Amino acid sequence: MHLYRTHNCNELTKSDINKNVRLSGWVHHRRDHGGVLFIDLRDQYGITQIVFHPENNEMLDIASHISYESVITVTGNVVERSEETVNSKLATGEIELFVSELNIESSAKTTPFQVAESDVVNEDLRLRYRFIDLRREKMRKNIIFRAEVITTIREFMEGNGFHEFQTPILANSSPEGARDYLVPSRIHPGKFYALPQAPQQYKQLLMISGFDRYYQIAPCFRDEDARADRSPGEFYQLDIEMAFVTQEEVFAIVDELMKLVVKKHGKHKLVFEDFPQITFHDAMNKYGTDKPDMRFDLFLQDLTDELSGSECQIFSQGKKPGVAIKAINYPGGAEAPRSFFDGLQTWAKQNGLKGLAYIVFEEGIAKGPIVKFLSENDLTAIKEKTGAKDGDVVFFAVAKWKAACHGLGALRYVLAERMELRDPNVMAFCWVVDFPMYEKEDHSGNIVFSHNPFSMPQGGMKALEEQDPLDIVAYQYDICCNGVELSSGAIRNHQPEIMYKAFEIGGYDRKEVDEHFGHMIRAFEYGAPPHGGIAPGVDRLVMLLADEPSIREVIAFPKNSKAQDLLVGAPSSVMPEQLAELNIRIVD
RNA sequence: GCGGGUGUAGCUCAAUUGGUUAGAGCGCCGGCCUGUCACGCCGGAGGUUGAGAGUUCAAGUCUCUUCACUCGCGCCA
């Protein structure tokens with residue numbers, strides 16, 4: 001007989017009755033009836049009830065004092081349960097194990113929280129004792145679910161001619177983008193590796209090397225602050241790159257993959273079989289965000305033309321260049337209590353707006369603090385454009401275009417929450433396309449890259465030379481789902497001259513480009529295929545599929561929001577000898 | 001860096017307007033119990049109410065400071 005087990009804890013059925021078997025697992029729960037003792041024995045697979053009887057009083061006594069979460073090995077006969085004692089909740093509920101031999105492999109101290117209870121435990125504590133937390137059914141399911149999703153992804157990619165390559169973890173620092181994690185070099189004092197923010201350069205180099213379709217479940221490292229859907233420090237993305245492709249071909253692969261994953265693993269209905277495409281500009285104007293939640297129709301309207309001529313001071317600011325008047329209709333909003341509208345004023349200030357004007361339409365007339373400043377024409381225009389009816393409320397944001405859009409985009413979610421429009425049972429994927437190549441930096445007024453500088457501008461060199469930089473859009477796209485950005489991607493710029501020009505507009509002269517990106521440009525000078533790709537976030541995708549509110553629920557050992565690993569104690573101080581070897585001195 | 005929320009027993013929570021010795025369930029320890037599966041019953045231990053200061057006859061409760069966690073903003077080309 002195997003030293004530890006002949007079966008797992010989810011395996012034994014009626015057909016095993018009278019067999020002498022051995023099980024190992026954790027003491028999940030214990031029910032001591034004095035004369036008879038039941039223990040639920042648990043492993044990754046499930047639970048089997050094992051029974052101790054007074055025939056062996058010594059063993060019964062020992063068993064009755066085994067602490068929860070201890071690991072034991074038991075040997076005995078599989079016994080049929082009488083009809084009234086069958087537990088239909090367990091796969092093994094028709095049998096139980098009559099224990100004849102007990103071995104305690106590892107006795108557990110009292111655990112800081114209970115594995116068998118479903119209480120939501122303080123997350124700090126859960127992370128500190130993650131190895132116990134992961135024993136809980138929900139976490140075990142999530143982590144295995146994640147593994148299964150990744151298996152599906154790998155099978156799909158391989159089946160479509162992609163190969164998985166590993167790219168370096170010790171890479172180079174780059175001045176663009178997120179903060180790097182730096183790794184000091186021992187052999188080269190004063191120099192540093194950087195952990196890759198993404199394998200971006202390497203996957204492009206693979207294309208130039210002649211590999212046609214690359215993918216990798218790739219670890220990425222960014223030293224930026226956390227969000228509920230963004231792990232600090234590190235995360236995994238499905239990194240994809242393809243040679244000789246158009247944007248549409250990248251979309252086609254990702255569409256198919258997402259649909260496969262949702263249908264196979266999700267319990268959600270897909271809102272769109274064909275994922276809609278929306279331009280960045282339209283997404284901002286209609287949804288107030290570049291990652292629109294398309295599960296519900298509640299759209300922003302632009303009233304800049306209609307209202308900037310108004311007598312009302314709030315609206316006449318719309319005449320200023322760059323300022324937009326955006327509006328959103330809240331159907332049935334007239335019912336909302338006064339406190340809701342008052343609370344929104346503070347809310348608006350926290351969301352980048354000076355305030356939030358609104359008009360209540362009730363009993364055929366318009367009401368609210370600003371109505372007395374509005375003409376009949378103004379009101380007609382508002383009603384026409386927003387479709388506001390009796391009982392509705394229209395909110396207005398007057399600010400720089402981006403701020404006005406973002407403000408009402410955030411309000412759109414507040415309203416959707418009140419109206420319960422965000423259906424948790426569906427997934428609405430969409431593509432956001434035509435991201436601008438450049439934007440004007442707020443504080444400096446400089447033209448800077450708004451996304452990846454290596455993306456191909458639409459129109460190529462001609463566009464760079466002839467168009468207003470702020471009007472140039474790139475072959476740069478995002479795939480979003482339910483208001484979450486799953487991934488950014490782009491058709492890359494593979495032509496050195498266009499690259500120099502693009503960088504020139506972005507404020508880098510030739511020398512700087514050569515200094516920072518010379519290795520990439522050199523590579524492009526020896527025969528580079530047109531190529532493009534994308535990199536959906538694996539953690540986020542699994543989070544959405546598993547219906548979890550936080551990314552940490554689908555990561556085995558996540559960092560907390562301060563980027564610490566409380567279990568192993570990272571980051572930590574290191575020995576002075578280590579620092580000395582690296583030529584590093586800590587300055588207070 | 002900034003703003004919101006939370007912090008009471010090992011865990012999850014309660015404690016009226018500021019008012020008696022801060023309670024309950026689970027867990028833990030001891031006892032009883034031969035069919036439970038959230039077993040049941042009896043008893044017990046366990047608290048610097050995150051920390052510090054203040055107001056008050058009286059503070060878990062009010063004020064200030066601070067710490068921890070968390071959500072959001074900034075940031076994430």
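Chain letters run A, B, ... following the sequence lines, proteins first, then strands; residues in each count from 1. Remember, it's a predicted structure, so these values are computed and weren't measured experimentally. These numbers come from the heavy atoms of this one structure, side chains and all, not from hydrogens, waters or symmetry mates.
In this view, A:Tyr214 satisfies the ring-ring contact (aromatic ring centres under 6.0 Å, His included) rule with no residue, not counting sequence neighbours. Remark: A:Glu439 engages A:Lys402 in a salt bridge (Lys or Arg N to Asp or Glu O under 4.0 Å) (not counting sequence neighbours). Every residue two or more places apart in sequence or in another chain that forms a side chain to side chain contact (heavy atoms under 4.5 Å, CB included) with A:Asn77 is listed here: A:Asn20. Judged as a ring-ring contact (aromatic ring centres under 6.0 Å, His included), and not counting sequence neighbours, A:Tyr236 has no contacts. Annotation: salt bridge (Lys or Arg N to Asp or Glu O under 4.0 Å) contacts of A:Glu497 (sequence neighbours excluded): A:Arg510. In terms of the side-chain hydrogen bond (donor to acceptor under 3.5 Å, both in side chains) criterion, residue partners of A:Asp133 (sequence neighbours excluded) are, by chain and number, A:Arg126, A:Arg130, A:Arg136. In this structure, the salt bridge (Lys or Arg N to Asp or Glu O under 4.0 Å) partners of A:Lys141, at least two apart in sequence or on a different chain, are A:Glu137.
For the pair A:Arg422 and A:Tyr413, the cation sits on the ring face: its NZ or CZ lies under 6.0 Å from the ring centre, inside 45° of the axis.
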Pairs under 3.5 Å (N/O, protein and nucleotides 3-5 of chain B):
none

List, with names and distances, any nitrogen or oxygen atoms from the protein found under 3.5 Å away from nitrogen or oxygen atoms belonging to nucleotides 41-44 of chain B.
none

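Pairs of residues two or more places apart, or lying in two chains, never qualify as ring-ring contact (aromatic ring centres under 6.0 Å, His included) while including a residue from residues 216-235 of chain A.
For the segment residues 221-230 of chain A, residues with any heavy atom less than 4.0 angstrom from an atom of RNA chain B are, sorted by number, A:Arg222, A:Glu224, A:Asp225, A:Arg227, A:Ala228, A:Arg230. Listed in residue order, the members of residues 549-573 of chain A having a heavy atom less than 4.0 Å from RNA chain B are A:Arg552, A:Asn560, A:Ser561, A:Lys562, A:Gln564.
Within the structure, a side-chain polar atom (N or O) of A:Lys89 is placed less than 4.0 Å from OP1 or OP2 of B:A38.
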